[in-house]
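Since the structure comes first, as structure tokens, the remarks are kept for the end.
Fair warning: this is a prediction, and the values are worked out from it, not measured in the lab.
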Amino acid sequence: MNFIIYEQLKKHRLVDDRIMNTLNSSLPTISFPADRTSKCEDLYKELSKEYDKREKAIKSCVSLLSKKVNAIREERQENMDDIDLIKKLRKEQTKLRLMQQELSVEEVVKDTSLKAFHERCRQYYKPPTSPPV
């Protein structure tokens, strides 16, 4: 399950990983005419859509894993000596912590991408006042 989740996050972070390349190819130097406003707006919308997808996916996993951990804790209360149950609980708690850390990673990725976006597009496009979700 974790491998699939991380692969999906990696796939959805491609737009962030390639932001500088995208900005450089979409917004050539001033000497070349281009519709920078619409290109910046399109890129912002694409970034916003990806942020939303990733955040929902991560929060969904955190919620699911939290429920799983709570269920195992309740089960453990009835079987305090069950070693396999203790191992299972620790394994699920580790998965939960990793997914919670992904929320922090997501914030860093988002901030880095938006900083690059702002550097190149601030003259051509002003995003809505509310930041992307």
Side-chain angles (χ1 to χ4, degrees):
M1 179 180 152
N2 279 347
F3 179 74
I4 294 169
I5 293 167
Y6 289 116
E7 285 300 310
Q8 288 296 317
L9 285 174
K10 183 178 173 183
K11 179 181 143 196
H12 287 291
R13 285 183 177 147
L14 283 176
V15 71
D16 293 282
D17 293 343
R18 297 179 180 159
I19 185 133
M20 290 310 295
N21 186 28
T22 302
L23 287 167
N24 288 337
S25 64
S26 296
L27 304 172
T29 60
I30 302 277
S31 61
F32 291 100
D35 184 8
R36 291 174 179 84
T37 302
S38 67
K39 289 183 180 187
C40 286
E41 183 177 5
D42 292 345
L43 179 58
Y44 184 81
K45 286 178 181 177
E46 183 180 358
L47 286 170
S48 295
K49 186 173 77 173
E50 290 300 325
Y51 297 152
D52 190 42
K53 278 185 197 175
R54 292 191 313 244
E55 189 173 336
K56 283 180 182 177
I58 294 168
K59 285 182 177 181
S60 173
C61 289
V62 167
S63 176
L64 179 70
L65 288 168
S66 291
K67 289 175 186 174
K68 212 171 184 180
V69 165
N70 288 335
I72 296 170
R73 276 190 186 138
E74 287 176 14
E75 190 178 340
R76 185 172 171 252
Q77 290 299 323
E78 298 168 9
N79 303 319
M80 293 296 280
D81 297 330
D82 189 345
I83 301 297
D84 289 333
L85 204 53
I86 294 170
K87 288 179 183 179
K88 186 177 178 181
L89 177 61
R90 286 187 182 146
K91 183 178 176 182
E92 293 303 317
Q93 286 173 325
T94 300
K95 287 180 191 177
L96 176 59
R97 279 191 295 277
L98 288 172
M99 288 312 298
Q100 289 169 332
Q101 288 173 354
E102 279 301 317
L103 284 171
S104 298
V105 169
E106 186 61 28
E107 281 300 311
V108 171
V109 168
K110 185 176 170 180
D111 289 346
T112 303
S113 296
L114 287 176
K115 183 178 177 185
F117 173 84
H118 179 72
E119 285 291 317
R120 290 296 302 272
C121 288
R122 67 177 170 230
Q123 296 173 357
Y124 312 111
Y125 177 72
K126 185 177 179 185
T129 54
S130 62
V133 184

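Residues passing the side-chain contact (heavy atoms from CB on, under 4.5 Å) test with Gln93 are Val69, Arg73, Leu89, Arg90, Arg97, sequence neighbours excluded. The side-chain contact (heavy atoms from CB on, under 4.5 Å) check on Ala116 picks up Ile19, Met20, Leu23, with sequence neighbours excluded.
Rounding to the nearest 0.5 Å gives a distance of 11.0 Å between CD of Glu41 and CG of Leu43. For the atom pair OG (Ser63) and CE (Met99), the distance works out to 11.5 Å, reported to the nearest 0.5 Å. Atom CG of Asn70 sits about 13.5 Å away from atom CZ of Arg76, to the nearest 0.5 Å. Rounded to the nearest 0.5 angstrom, Glu55 CD and Glu50 CD are separated by 13.0 Å.
Residue Asp81 qualifies as open at atom CG: its count of foreign heavy atoms under 6.0 Å is 12 or below.
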Q: Step by step, work out the side-chain contact (heavy atoms from CB on, under 4.5 Å) result for Tyr125 and Lys39.
A: CA-CA 9 Å; Tyr125 177 72; Lys39 289 183 180 187; over 6 Å; no
Q.
Show, in sequence, the C-alpha distance, side-chain angles and deciding distance for Asp52 and Lys56, and conclude whether the salt bridge (charged side-chain N to carboxylate O under 4.0 Å, His left out) test is met.
A. CA-CA 6 Å; Asp52 190 42; Lys56 283 180 182 177; 3.3 Å; yes
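Leu47 and Val109 fall into different hydrophobic clusters, defined by Ile, Leu, Val, Met, Phe, Trp and Tyr side-chain heavy atoms under 4.5 Å apart, directly or through other members. Tracing side-chain contacts under 4.5 Å through hydrophobic residues (I, L, V, M, F, W, Y), one reaches Leu65 starting from Leu103; they form part of the same cluster.
The two atoms that bring Ile72 and Glu92 nearest to each other are CD1-CG, 3.5 Å, heavy atoms only. Shown here for Cys40 and Phe117, the closest heavy-atom pair between the two residues is O-CE1, 3.3 Å.
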